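Notes for the one structure printed next.
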Amino acid sequence: MALVLHDTLSGRRQPLASIVPGKLGLYVCGVTVYDRCHIGHARSLVFFDMLVRYLRFAGYEVTFVRNITDIDDKIIKRAAEETIPSAELASRYIGTFRADVAALGCLQPDVEPRATDHIPEMLDLIARLEKRGIAYASGGDVYCSVARIKDYGKLSKRKLEDLIAGARVEVGERKREGLDFALWKAAKPGEPFWESPWGPGRPGWHLECSAMSTRYLGQPFDLHGGGEDLIFPHHENEIAQSEGATGRAFARRLTAKHDPLDFVLWKAARADEPDEAKWESPYGLGRPGWHIECSAMATSLLGETIDIHGGGDDLIFPHHENEIAQSEGATGTPFVNHWVHHAFVRINEEKMSKSLGNFLTIEEVLKRVPAEVLRLFLVATHYRSPVDFSDQSLIDAQRACARLHEALARIEEKLGAQLDVPRSGARSPDVGALATSVRPFHEQFVAAMDDDLNSARALGVVFDEVREINRLLDAGVDLQAIAEHHGNLSRLGAILGVLRHPAAGYLEAEKGRRLAGAGLDPAEIERLIADRAAARRAKDFKRGDAIRDELLARGIVLKDSASGTTWSVVDS
RNA sequence: GGCGGCGUACCCAAGUGGCUAAGGGAGAGGUCUGCAAAACCUCGAUGCAGCGGUUCGAAUCCGCUCGCCGCCUCCA
């Protein structure tokens, strides 16, 4: 049994190799707590939960660390909007986050560090970078000099030149090349315009600053500033224009950064920011940049080289790239052995995200379906493929989930107290100890999961076992094998995040939930069932069928058996 | 423009060189049942976006075309 995991850095599947035999450290980038979590976050939570459960099942002693980012521009901004302290806003959304994690049935991480509790470690890391000449302080900010980083871009497969020139530039109809930018724009009908040798028009955006700065300050002038968002393309283009026109240097220093690609390690405090978002440092009051917290927490909790580090695809660049730059820059040793990134949840073929506004919160979805259904839906697709959310796929998952539980419920009804309830988080049993009829399912499941956590294939194995169980139950023989299947299916299901509780409980809870949703009264249903039973005893099948049809029309489906009639609510 | 990825049945989704292309949902036929429901059995892609190529052999490798998505800006 050898687990192979895809590694983002090498771009290949690699056998999982732990630094300390039998032990694994896993660091996952968690959430920034400024809003509720959506089902994209659920995918991350569920995927890493499955990874941890499987690693433990495979016999590893796992230290699972997932951080909480509780200081950040967005938190400060939201808190200011609501006129509350940023710590209060953060603590509110830590609360909703933990409630979501619990509702999804995810394991708690072993350590859940918060950025604000690790400021000293961050400052220490920055000091080490400064000592090595990689970080530089500038006006109260501290930046990481990307040019001093060997192999910068190795994770996200980017070249420095591409990054400089690359920004998002659309090719207009009249551009010769994608990067060309407008100096003067021809006027469209109705637009204000000025006469020029090229006809009526108006200046391009960048030109005005070149012109005005030169008029009032000359060229070159000392210091040119602006927000970070202006570095590219605005300031880049100002330089191009001015220096291209005059052959002289434009400005001696452009903003606080020495190079547009440098990223901030420490941000100088600003007057408009609240006091609780300011910390003392050798560079004056300020707060950490986004990336430094993860480097500091990961290395202080798990060591300078950690086994596995993960997150969503969108974190590869720049977040994880910069974590590598900082961490390796400071320590001189490899930061992470395995980089694991999962794809997104999409909705209508588009990435679900807060900025697009097309998200469903975890809470909203869990009002519609049990957590196990959402988990089943999420693990039915391999983690490196995008998963498209739709009402139909949620309904499909709901039916599939019912199929799993019904099979287990049949066993529980038949064998009841004879069954061992395996503890979730159980390790893989010795394969030789398994009954011959369950062994192939166990082995195939493990083979699928060992193959880069192929939960979709593993789920297929689970359903194969369900069919086998139903066959055995229909035949009514080999109770011992049936009991072992129950244990096996429960253990395997638990890794995928389903079947962790007695199946009858799930089915009852589902029934109650749907009944409440449909506004039906169980007492009335029981009364009609009693009427029908009486009619059937009297061989009045016509009347009996009429009652059944009436109930069916209201969403209640009956199931006759030797021991009486049971009922359930049809899928919505 | 740079980089990365995707396109498999009515829907979702595994499969990345070689047995009959997993599994779930929906559908059709059958067994069981007074009739149903559930379960079980059987049937659904001679074909994997299209076109070429490599190979004894390709959904799987290579090239081109079409369609779609992600990252490059805060993002799981």
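This structure is a prediction, so every number in the text was calculated from the model and none was measured. Below, read A as the first sequence line, B as the second, and so on, with proteins coming before strands; counting in each chain starts at 1.
Here A/H319 lies out of heavy-atom contact (under 4.0 Å) with every strand. Nucleic acid contact class of A/G30 (heavy atoms, under 4.0 Å, all strands): sugar-phosphate only. Counting any heavy atom pair closer than 4.0 Å across all strands shown, A/T381 reaches sugar-phosphate atoms only and no base atom. Base contact: A/A456 has a heavy atom under 4.0 Å from a base atom. Among the protein residues, A/D72 comes within range of no part of the nucleic acid, since none of its heavy atoms lies under 4.0 Å from any strand. A/N470 comes within 4.0 angstrom of sugar-phosphate atoms only, judged by non-hydrogen atoms across all strands, and of no base. Using a 4.0 Å heavy-atom cutoff across all strands shown, A/R532 reaches at least one base atom of the nucleic acid. Contact annotation for A/G311: backbone-only contact, meaning every heavy-atom pair under 4.0 Å involves sugar-phosphate atoms and none involves a base. When heavy atoms are screened at a 4.0 angstrom cut-off, A/R410 is found touching the sugar-phosphate backbone but no base atom. At the heavy-atom level, A/K157 lies under 4.0 Å from the strands shown only through sugar-phosphate atoms. At a threshold of 4.0 angstrom between heavy atoms, the contacts of A/H38 include nucleobase atoms, whether or not backbone atoms are also involved. Residue A/F344 is in base contact, counting any heavy-atom pair closer than 4.0 Å across all strands shown. Note on A/D73: nothing from the nucleic acid sits closer than 4.0 angstrom, heavy atoms only.
For A/F463 and B/G24, the ring-to-base geometry does not satisfy the stacking test (centroid distance below 5.5 Å, interplanar angle below 30°).
For the C1' atoms, the distance from B/A38 to B/A21 is 30 Å, rounded to whole Å. Using atom P as the reference point in both B/G50 and B/C11, the two lie 15 Å apart (nearest Å). Comparing the same atom, P, in B/G4 and in B/G63 gives a spacing of 12 Å after rounding to whole Å. B/U55 and B/G17 have their C1' atoms separated by 9 Å, given to the nearest Å. The separation of B/A37 from B/G18, taken at their C1' atoms, amounts to 44 Å, rounded to a whole angstrom. Going from the C1' atom of B/C41 to that of B/C6 covers 37 Å, rounded to whole Å. Distance noted for atom P between B/U60 and B/A49: 8 Å (whole Å). For the C1' atom pair drawn from B/U16 and B/C61, the interatomic distance equals 9 Å after rounding to whole Å.
In this structure, A/K77 is not positioned above the aromatic face of A/Y34 in the sense of NZ or CZ being under 6.0 Å from the six-membered ring centre and within 45° of the axis.
Pairing for B/G52 goes to B/C62, judged as Watson-Crick or G-U wobble with the two contacts each under 3.5 Å. Nucleotide B/A37 is matched to nothing when pairs are restricted to Watson-Crick or G-U wobble geometry with both distances under 3.5 angstrom.
Defined by atom type and a distance below 3.5 Å, a donor-acceptor pair is present between the side-chain atoms of A/Y383 and A/D452. Judged purely by distance below 3.5 Å, without hydrogens or angles, the side chains of A/Q326 and A/S295 pair a donor atom with an acceptor atom.
Between A/F64 and A/R66 the shortest side-chain heavy-atom distance falls below 4.5 Å. Side-chain contact between A/D141 and A/W266 is absent, with no heavy-atom pair separated by less than 4.5 Å.
A centroid separation of 6.0 Å or more is found between the aromatic rings of A/F97 and A/H41. Ring centroids of A/H6 and A/H338 are separated by 6.0 Å or more, keeping the two rings apart.
Other residues, nucleotides and ligands contribute more than 12 heavy atoms inside 6.0 Å of the CZ atom of A/R471.
Distance alone, capped at 3.5 Å, places no donor-acceptor pair between the A/E293 side chain and the A/P288 backbone.
Mapping A/G312 and A/P386 onto RNA chain B via the closest heavy atom, the residue that lands nearer the 5' end is A/P386.
Judged by distance alone with a 3.5 Å cut-off, no donor-acceptor contact links the side chain of A/D314 to the base of B/G70.
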Show each protein N/O and nucleotides 7-9 of chain B N/O combination with a separation under 3.5 Å, one pair to a line.
none

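Phosphate proximity of B/G4 to A/R158: absent, as no side-chain N or O sits under 4.0 Å from OP1 or OP2.
Syn is the conformation of B/G44, whose glycosidic angle sits no further than 90° from 0.
The NZ-P distance, from A/K559 to B/G34, rounds to 16 Å in whole Å.
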